[in-house]
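Quick notes on the structure that follows.
The figures that follow rest on heavy atoms only: side chains count, while hydrogens, waters and symmetry mates do not.
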Amino acid sequence: MRRLSIVDVERCVGCMSCVFACARRFGEGGVAKSAIWVGSIGGVERGFRVVVCRACSDPPCAAACPTGALKPREGGGVVLDYNRCIGCGACRNACPIGAVMWDNETNKPIICVHCGYCVEFCPHGVLAMEEVG
């Protein structure tokens with residue numbers, strides 16, 4: 001099983017290529033439907049932070065879900081059962097790093113599936129896929 005990891009956040013220049021790639025993987029343009037986010041902590045001088053699911057082994061987002069729409073994924077993280085989700089936002093509130101992104105159109109979470117598509121588009125080697133277990 002593989003999961004997405006942040007290799008070296010110091011190399012991030014805030015280009016957001018990973019964010020655009022993630023949204024494009026699901027047939028969307030822009031950044032609104034991405035499961036990964038890059039934010040400034042003070043611009044080029046101070047750097048950036050990359051917010052993406054860290055694949056918790058005991059995910060608090062799944063524990064907080066009242067309908068069981070988030071199931072723990074082998075190797076860490078969760079899988080979303082879109083039809084069971086009621087859009088309550090408990091998963092988003094439970095994530096300690098803010099990695100549960102939100103789709104304002106559907107009022108449901110956007111969950112990283114650890115596919116690694118974003119890794120291919122990061123020009124500075126900030127992201128990588130790693131074997132788990």
Side-chain angles (χ1 to χ4, degrees):
M1 181 59 64
R2 293 167 27 127
R3 71 176 174 203
L4 182 64
S5 68
I6 298 171
V7 177
D8 187 357
V9 75
E10 296 296 319
R11 298 165 92 178
C12 181
V13 298
C15 70
M16 307 232 335
S17 292
C18 58
V19 178
F20 286 109
C22 180
R24 189 173 57 237
R25 178 183 181 272
F26 297 104
E28 298 288 336
V31 299
K33 307 268 182 166
S34 180
I36 186 171
W37 187 250
V38 175
S40 172
I41 57 172
V44 176
E45 292 175 359
R46 302 239 359 249
F48 299 89
R49 65 188 172 102
V50 179
V51 180
V52 67
C53 177
R54 299 292 199 271
C56 301
S57 57
D58 186 18
C61 58
C65 181
T67 65
L70 290 174
K71 299 282 186 209
R73 173 186 170 277
E74 184 182 333
V78 293
V79 174
L80 174 65
D81 180 339
Y82 198 80
N83 294 322
R84 292 185 77 171
C85 178
I86 59 172
C88 68
C91 57
R92 179 176 51 178
N93 296 335
C95 181
I97 62 168
V100 176
M101 305 306 165
W102 202 255
D103 184 335
N104 290 319
E105 274 183 39
T106 62
N107 197 39
K108 294 190 180 193
I110 300 170
I111 304 292
C112 177
V113 296
H114 298 272
C115 67
Y117 192 71
C118 57
V119 174
E120 299 174 41
F121 291 90
C122 178
H124 301 288
V126 175
L127 305 168
M129 292 300 288
E130 66 180 9
E131 288 296 323
V132 180

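The cluster map of Ile, Leu, Val, Met, Phe, Trp and Tyr, joined by side-chain heavy atoms under 4.5 Å apart, puts Ile6 and Met16 in the same cluster.
The heavy-atom pair separating Cys18 from Ile36 by the smallest distance is O-CG2, 3.7 Å. Residues Leu4 and Cys112 come closest through the heavy atom pair CD2-SG, 4.2 Å. Of all the heavy atoms in Leu70 and Cys91, the pair that sits closest is CD1-CB, 3.4 Å. Scanning both residues, Pro109 and Leu80, for their nearest heavy atoms gives O-CD2, 3.7 Å.
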Review item, side-chain donor-acceptor pairs of residues 119-130, under 3.5 Å, at least two apart:
| unit_1 | atom_1 | unit_2 | atom_2 | d |
| --- | --- | --- | --- | --- |
| Glu130 | OE2 | Arg3 | NE | 2.7 |
| Glu130 | OE2 | Arg3 | NH2 | 3.0 |

Validation: residues 47-64 side-chain donor-acceptor distances under 3.5 Å, sequence neighbours left out:
| unit_1 | atom_1 | unit_2 | atom_2 | d |
| --- | --- | --- | --- | --- |
| Arg54 | NH1 | Val52 | O | 2.8 |

Can you list, pair by pair, the side-chain donor-acceptor contacts under 3.5 Å of residues 20-31, counting residues two or more places apart and other chains?
none

Validation: residues 93-103 side-chain donor-acceptor distances under 3.5 Å, sequence neighbours left out:
| unit_1 | atom_1 | unit_2 | atom_2 | d |
| --- | --- | --- | --- | --- |
| Asn93 | ND2 | Gly89 | O | 3.4 |
| Trp102 | NE1 | Asn107 | OD1 | 3.0 |
| Asp103 | OD1 | Lys33 | NZ | 3.1 |
| Asp103 | OD1 | Glu105 | N | 2.9 |
| Asp103 | OD1 | Thr106 | N | 3.3 |
| Asp103 | OD2 | Lys33 | NZ | 2.8 |
| Asp103 | OD2 | Thr106 | OG1 | 3.3 |

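Counting only distance, with no hydrogens or angles, the side chain of Ser5 and the backbone of Val7 share no donor-acceptor pair below 3.5 Å. Of the possible polar contacts, one joining the Lys108 side chain to the Tyr82 backbone as a donor-acceptor pair under 3.5 Å is found.
Through direct or indirect side-chain contacts shorter than 4.5 Å among Ile, Leu, Val, Met, Phe, Trp and Tyr, Val79 is connected to no other residue.
Residue pairs satisfying the side chain to side chain donor-acceptor pair (under 3.5 Å) criterion with at least one member in residues 9-23, sequence neighbours excluded, are absent.
Atom CD1 of Ile111 and atom CG of Asp81 lie 12.0 Å apart (nearest 0.5 Å).
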